[in-house]
Amino acid sequence: MREIWLVRHSQRDTTIQEDQAAPLTLAGQARLPELAAYFQDKAPAAVYSSPYQRAMLTAEAIAAPMGVPVHCVAALRERSIGEWVADFESFARHQWTDPDFRLPQGESLREVSQRMTRAFAEILKQSSGNLVITGHGTAFAVLLAQLTKGGFGFEDFQKMSQPDVYQLQPSADGDLWRCQRIGHFSFS
């Protein structure tokens with residue numbers, strides 16, 4: 001049975017507010033070898049990644065030891081907020097309560113969900129075998145909510161760590177995905 005792993009990037013350096021260029025912290029970099037070791041026996045055919053630096057660094061660390069390619073997919077990017085938000089928890093809660101809420105120049109969770117669902121379907125269509133997809137918390141949370149038909153919500157989003165790994169397996173009819181959080185990577 002085909003398996004897909006969604007990997008939220010390792011620990012982000014939040015002192016860099018420019019979202020695309022935000023790197024990993026030293027602690028985030030130190031977590032990469034253990035994360036990569038987890039996938040050694042999983043035999044992914046490829047790794048797909050958001051173009052943001054922290055996700056690409058995570059993807060490259062996973063792919064390099066196995067010699068599998070990393071495919072950069074622009075649609076896997078994180079949700080655009082529009083401006084730096086100091087009280088992120090309140091902002092996120094508002095978006096989960098009202099999926100059409102967005103700041104000027106930002107994306108609503110409904111827009112992110114549609115973008116991520118299309119990207120995920122396209123990746124599955126153009127690939128075969130087991131896959132690793134690296135990306136971001138909010139983008140993956142709304143994708144997981146869609147794939148599990150609401151089985152993943154705001155409380156689950158709040159529990160996501162950096163890095164975090166979610167294993168997906170399709171149901172027999174392919175309409176619903178079973179999602180298992182791999183707790184081994186829930187660093188505190």
Hydrophobic cluster identity match, [X] and [Y], side-chain contacts under 4.5 Å:
| X | Y | answer |
| --- | --- | --- |
| Tyr52 | Ile133 | no |
| Ile16 | Met56 | no |
| Leu168 | Ile123 | yes |

Between Trp177 and Phe120, is the gap from one ring center to the other below 6.0 Å? yes
Keeping the roles fixed (side chain from [X], backbone from [Y]), state whether a donor-acceptor pair exists under 3.5 Å.
| X | Y | answer |
| --- | --- | --- |
| Gln169 | Cys179 | no |
| Glu78 | Thr138 | yes |
| Gln146 | Leu143 | no |
| Asp156 | Gly153 | yes |

Is any side-chain heavy atom of [X] closer than 4.5 Å to a side-chain heavy atom of [Y]?
| X | Y | result |
| --- | --- | --- |
| Ile81 | Leu103 | yes |
| Asp164 | Val7 | no |
| Met160 | Phe152 | yes |
| Ser49 | Cys72 | no |
| Leu124 | Ile4 | yes |

Tell me, please, which residues at least two apart from Tyr48 pass ring pair (Phe, Tyr, Trp, His ring centres under 6.0 Å). His71
What pair of heavy atoms forms the shortest contact from [X] to [Y], and how long is it?
| X | Y | result |
| --- | --- | --- |
| Ser10 | Leu24 | O-CD2, 3.3 Å |
| Ala59 | Val47 | CB-CG1, 3.7 Å |
| Pro99 | Ser108 | O-CB, 3.1 Å |
| Ala30 | Pro33 | O-CD, 3.3 Å |
| Asp13 | Ala22 | O-CB, 4.0 Å |
| Met116 | Ala75 | SD-O, 3.5 Å |

Check the pair Arg54 / His136 against side-chain contact (heavy atoms from CB on, under 4.5 Å), numbers first and verdict last. CA-CA 9 Å; Arg54 59 195 179 276; His136 309 276; 3.5 Å; yes
Is the cationic atom of Lys159 (NZ for Lys, CZ for Arg) positioned less than 6.0 Å from the six-membered ring centroid of Phe157 and within 45 degrees of its normal? no
Test side-chain contact (heavy atoms from CB on, under 4.5 Å) on Leu6 and Arg8; report intermediate values, then the result. CA-CA 7 Å; Leu6 301 181; Arg8 184 183 188 191; over 6 Å; no
One should read off an interatomic distance between Phe91 CZ and Glu83 CD, to the nearest 0.5 angstrom, of 8.5 Å
Supply the atom-to-atom distance Leu76 CG to Thr134 OG1, rounded to the nearest 0.5 angstrom. 7.5 Å
Could you please spell out the steps behind the side-chain contact (heavy atoms from CB on, under 4.5 Å) verdict for Leu32 and Thr58? CA-CA 7 Å; Leu32 294 177; Thr58 303; 4.0 Å; yes
Partner of Gln95 under side chain to side chain donor-acceptor pair (under 3.5 Å), chosen from Arg79, Arg110, Arg102: Arg79
Determine which pairs satisfy side-chain hydrogen bond (donor to acceptor under 3.5 Å, both in side chains) with at least one residue from residues 113-125, sequence neighbours left out, and list them in order. Glu107-Arg115
With ring pair (Phe, Tyr, Trp, His ring centres under 6.0 Å) as the test, pick out the partner of Trp5 among Tyr166, Tyr38, Phe140, Phe39. Phe39
Would you please say whether a donor-acceptor pair under 3.5 Å links the side chains of Ser50 and Arg77? no
Indicate whether the side chain of Arg31 and that of Gln162 have a donor and an acceptor atom separated by less than 3.5 Å. no
Going through the checks in order, is the salt bridge (Lys or Arg N to Asp or Glu O under 4.0 Å) test met by Asp19 and Arg12? CA-CA 10 Å; Asp19 208 24; Arg12 174 199 169 142; 2.6 Å; yes
What do the steps show when you test Gln11 against Gln29 for side chain to side chain donor-acceptor pair (under 3.5 Å), and what is the final call? CA-CA 8 Å; Gln11 188 177 40; Gln29 292 172 35; over 6 Å; no
With Leu131, which of Arg2, Glu3, Lys42 fulfils side-chain contact (heavy atoms from CB on, under 4.5 Å)? Arg2
Go through the steps for Val132 and Met66 under the test side-chain contact (heavy atoms from CB on, under 4.5 Å), then give the verdict. CA-CA 12 Å; Val132 173; Met66 297 177 287; 5.9 Å; no
Atom CD of residue position Glu18 - does it have more than 12 heavy atoms of other residues, nucleotides or ligands inside 6.0 Å? yes
